[in-house]
There are 2 protein chains.
Amino acid sequence: MEPPTPPRRVTIVDVARHARVSTTAVSKVLRNAYGASPEMRAKVRRAIDELGYRPLAAARGLRGQTYTIGVMLPDIRNPFFPEIVDGITGRLADTDYQVFLGPGGCNDEQTEARITEAMIDRGMDGIILIAPVSARSRLEHIAATVPTVVVGRHGHSPVYDTVTDDDVTGAALVVDHLVGLGHRRIAHIEHHETDPTRIVEMPNAQRADGYRRAMQAHGLADEIDIVSTVYTQQGGHEGARQLLARPQRPTAIFAGADIVAMGVLDALAEAGLSVPDDISVAGYDNTTFASFGPISLTSVDQAGREIGSNAVRLLLERIAERQKTSVQIKLSPTLVARRTTARVSG
Amino acid sequence: MEPPTPPRRVTIVDVARHARVSTTAVSKVLRNAYGASPEMRAKVRRAIDELGYRPLAAARGLRGQTYTIGVMLPDIRNPFFPEIVDGITGRLADTDYQVFLGPGGCNDEQTEARITEAMIDRGMDGIILIAPVSARSRLEHIAATVPTVVVGRHGHSPVYDTVTDDDVTGAALVVDHLVGLGHRRIAHIEHHETDPTRIVEMPNAQRADGYRRAMQAHGLADEIDIVSTVYTQQGGHEGARQLLARPQRPTAIFAGADIVAMGVLDALAEAGLSVPDDISVAGYDNTTFASFGPISLTSVDQAGREIGSNAVRLLLERIAERQKTSVQIKLSPTLVARRTTARVSG
DNA sequence: CACCCGATGGGAAACGTTACCCGTCAGCGG
DNA sequence: CCGCTGACGGGTAACGTTTCCCATCGGGTG
């Protein structure tokens with residue numbers, strides 16, 4: 001058991017004294033800055049190791065960087081986000097940067113504000129916002145204060161970079177796949193959105209749009225059937241129930257997210273319908289849920305890891321050059337066909 | 001679009017000037033410290049609002065607290081952890097504290113060290129370690145430096161508090177339930193552990209122990225059958241395959257975690273066995289997976305929210321009184337019987 | 001009326017690090 | 001041999017906040 005009063009922390013002054021150099025010199029070595037000879041570097045590094053010195057990020061933050069990057073997640077429960085986080089940490093593993101996740105409060109503007117403010121107040125060097133719901137002006141305000149990358153939200157701004165997946169194409173992949181299996185009555189469950197900006201920028205809206213356009217492209221404009229609920233399991237359950245109540249039942253349901261598809265499967269099981277014999281189901285995100293054997297959900301894969309990795313790259317670039325023109329990266333999704341979709345029966 | 005060069009931040013000096021008081025006075029108001037009259041407080045608060053001042057945590061950290069609490073998660077993917085996190089943030093919602101999550105690198109001592117060091121370097125006021133795998137001495141070293149609460153790991157230390165769930169009892173609940181349904185050949189899949197301390201302290205080992213003891217208590221010592229793999233879906237799959245290869249197949253499988261049970265279900269489906277008719281399956285953690293309709297997995301509920309909430313309470317107490325004697329909280333799990341367990345057939 | 005006390009306000013020195021700028025010194029060309 | 005240059009090392013003032021302590025003041029007590 002250690003002494004209950006923590007021993008005073010080793011500071012840069014201790015290192016300087018131990019190495020018989022100035023604190024300035026130590027600081028230079030730490031930051032690989034100009035003005036230190038190789039011998040000096042070696043001497044200082046030895047002292048650092050001997051004393052077990054680690055710079056105090058809080059003190060650094062007061063002057064310059066904190067070597068900390070904040071990631072705001074809207075919802076830890078969504079099994080798609082870990083992929084993105086993996087991509088982020090993976091790319092940051094061999095840098096001095098450390099990532100911290102801000103626990104999101106499920107798509108609530110106020111919680112988002114609290115978290116982003118907390119990140120700014122803690123002097124984070126850059127932040128990555130994953131599928132934020134806040135107003136555009138709010139995002140730009142954040143980006144004006146600290147280097148920012150927005151992930152999973154379409155619509156670009158001159159002050160922040162974005163990384164998105166092409167949701168329109170993704171939705172089309174699903175429709176193409178289902179049409180290829182002979183389906184015509186393909187319904188879609190979307191996340192209800194009222195805010196005009198979000199209708200343009202949020203991925204869920206883009207998916208609905210992609211669905212619409214793909215249906216039209218296949219000459220199925222009359223069959224377009226969209227139910228608006230929310231992107232949760234309950235939302236999927238509710239949406240499926242509404243669709244089953246239609247005079248003519250759809251032969252396939254395209255849920256806007258895997259979690260929604262979970263709710264759909266649940267509702268179909270309750271209704272005594274079998275998948276895919278009676279009805280086909282597809283999701284979006286290719287989460288572990290989807291790949292899980294007994295479920296085996298057809299889904300769209302977003303390459304979350306690449307999304308995260310790209311977000312970090314852009315962020316580091318922007319930290320290095322604050323004023324650079326903003327970049328938009330759009331990645332292409334792929335379809336993973338599994339056992340919940342099949343050739344239409346009858 | 002905001003000006004590209006962020007305007008200088010409002011500081012405590014600005015507030016003081018605007019309110020025509022000293023910076024000391026502002027600081028006192030901010031911290032609700034002694035020595036400020038009600039009028040002074042009102043005046044300062046008005047100035048704060050008018051200027052939109054927010055204290056810079058980095059600067060605070062240099063002198064005192066950062067109002068930041070770090071939570072180390074071993075694996076974001078485990079659907080049980082969000083519950084704990086919810087409990088943590090819920091209790092912290094109306095305080096000045098902010099939580100940040102350290103993305104764990106899947107049960108790796110080195111990653112744990114990196115994350116905890118990063119938290120300490122950033123001057124966090126306290127940290128919560130969820131199911132850490134590091135050596136006891138390492139945990140005590142951390143706790144000697146910063147107030148610490150360890151969650152989900154048995155074995156106590158004088159320097160840190162712990163919150164655990166009674167895993168022995170939880171395992172017994174499952175065995176009792178299965179025995180009550182007429183099962184005798186009940187197998188268990190555990191997470192393989194070699195480190196002697198961890199065998200005592202880790203929840204997985206406790207569950208295996210609880211299983212053993214409960215089997216003995218029911219006079220089923222001869223039926224004890226444990227497969228050692230890992231707590232992942234693959235681990236469950238592999239474990240189930242081993243069990244199916246037994247000359248006499250078990251009639252029930254108790255997986256040490258829900259994710260493991262997922263793998264088991266997967267393997268059973270592949271083998272053409274139906275659940276629960278041919279074989280019963282139970283998990284542990286009562287994750288959303290388990291409650292999902294089409295799966296409907298019998299599981300043990302750990303009340304993650306309460307675990308998190310208790311962890312925060314202990315942490316705040318320890319932050320307030322650094323030297324207090326350590327506390328161990330052990331919560332009681334409950335069984336949630338669902339459709340993957342049934343009366344033994346034949 | 002002198003004295004003391006509690007309540008209130010502020011001055012100034014930390015906290016650990018970085019960034020600006022200035023000195024020194026060796027080597028070089030003229 | 002002199003002055004210039006570039007490389008290197010260090011002194012010191014910030015950064016924004018808290019904390020220790022001292023000053024002031026009004027009123028109650030002896």
Side-chain angles (χ1 to χ4, degrees), chain A residues 6-45 47-48 51-68 96 120-125 145-146, chain B residues 6-45 47-48 51-68 96 117 120-125 145-146 319:
Chain A
R8 206 180 55 76
R9 209 184 150 96
V10 177
T11 75
I12 202 173
V13 180
D14 301 321
V15 176
R17 195 161 26 218
H18 191 254
R20 303 179 176 286
V21 297
S22 70
T23 57
T24 304
V26 179
S27 177
K28 280 178 183 168
V29 173
L30 271 129
R31 293 171 294 123
N32 286 315
Y34 174 84
S37 62
E39 303 88 66
M40 159 80 64
R41 286 183 194 284
K43 201 163 46 168
V44 170
R45 274 196 225 290
I48 288 177
L51 266 50
Y53 166 76
R54 292 198 317 263
L56 187 67
R60 293 181 125 180
L62 211 48
R63 290 292 308 181
Q65 321 182 50
T66 57
Y67 298 92
T68 310
D96 284 337
I120 293 170
D121 294 347
R122 272 138 193 96
M124 297 200 170
D125 295 338
T145 313
V146 58
Chain B
R8 207 180 54 78
R9 210 184 149 96
V10 177
T11 76
I12 202 174
V13 180
D14 301 320
V15 176
R17 196 160 26 217
H18 191 254
R20 305 182 174 284
V21 298
S22 69
T23 58
T24 306
V26 179
S27 178
K28 281 176 183 169
V29 174
L30 278 158
R31 292 171 296 122
N32 285 316
Y34 176 85
S37 62
E39 303 87 68
M40 158 80 64
R41 286 183 195 283
K43 202 164 43 170
V44 171
R45 274 196 226 289
I48 289 177
L51 268 51
Y53 166 77
R54 293 197 319 262
L56 186 68
R60 293 182 125 178
L62 211 47
R63 290 291 307 181
Q65 320 182 53
T66 57
Y67 297 93
T68 310
D96 285 338
E117 282 180 1
I120 292 170
D121 295 346
R122 271 138 195 94
M124 296 204 172
D125 295 338
T145 313
V146 56
I319 289 173

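Each chain gets a letter, A, B and so on, in the order its sequence line appears, and its residues count up from 1. Predicted, not measured: the structure shown is a model, and the values here were computed from it.
Distance CG (B/Leu56) to P (D/dT18): 10 Å, rounded to an integer number of Å. Separating the NZ atom of B/Lys43 from the C1' atom of C/dG9 is a distance of 10 Å, rounded to the nearest angstrom. If you measure from atom CG of B/Asp14 to atom C1' of D/dT17, you get 13 Å, rounded to the nearest angstrom. Distance B/Leu62 CG to C/dT18 C1': 12 Å, rounded to the nearest Å. Distance, B/Arg41 CZ to C/dT8 C1': 11 Å, rounded to whole Å. A/Ile12 has its CD1 atom 6 Å from the C1' atom of C/dT17, to the nearest Å. Atom CD1 of A/Ile120 and atom P of D/dG16 are 16 Å apart (whole Å). Between B/Arg17 atom CZ and C/dG10 atom C1' the separation is 16 Å, expressed in whole Å.
Taking only side-chain nitrogens and oxygens, B/Arg63 never comes nearer than 4.0 Å to OP1 or OP2 of D/dT19. Contact check, A/Arg31 against C/dA19: a side-chain N or O comes under 4.0 Å of OP1 or OP2.
Looking at heavy-atom distances under 4.0 Å, B/Ser27 makes contact with a base.
Looking at A/Arg17 and A/Leu51, their side chains never come closer than 4.5 Å, going by heavy atoms from C-beta outward. Within the 4.5 Å cutoff, no side-chain heavy atoms of B/Val21 are placed close to those of B/Val29. Looking only at side-chain heavy atoms (C-beta outward), A/Arg60 and B/Asp121 stay at 4.5 Å or farther from each other. A/Thr23 is not listed as a side-chain neighbour of A/Thr11, based on a closest heavy-atom distance of 4.5 Å or more.
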**Item:** Protein-to-nucleotide contact annotation, 5' to 3' order, nucleotides 6-11 of chain D [B base; S sugar-phosphate only; - none; under 4.0 Å, heavy atom]
**Value:** -SSBBB
Got a list of side-chain donor-acceptor pairs under 3.5 Å for residues 36-45 of chain B, not counting sequence neighbours?
residue: B/Ser37; atom: OG; partner: B/Met40; partner atom: N; Å: 3.3
residue: B/Arg41; atom: NE; partner: B/Ala36; partner atom: O; Å: 3.4
residue: B/Arg41; atom: NH2; partner: B/Ala33; partner atom: O; Å: 2.8

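In this structure, CG on B/Asp14 lies 5.0 Å from CZ on B/Arg8, to the nearest 0.5 angstrom. Distance check: A/Arg122 CZ to B/Tyr67 OH gives 10.5 Å after rounding to the nearest 0.5 Å. Summarising the geometry, atom NE2 belonging to B/His18 is positioned 11.5 Å from atom CD1 belonging to B/Ile48; distances are rounded to the nearest 0.5 Å.
In this structure, the side chain of A/Thr68 engages the main chain of A/Thr66 through a donor-acceptor pair within 3.5 Å.
Rounded to 10 degrees, the angle separating the terminal axes of the helix from C/dC1-D/dG30 to C/dG30-D/dC1 is 50°, with each axis obtained from five end pairs.
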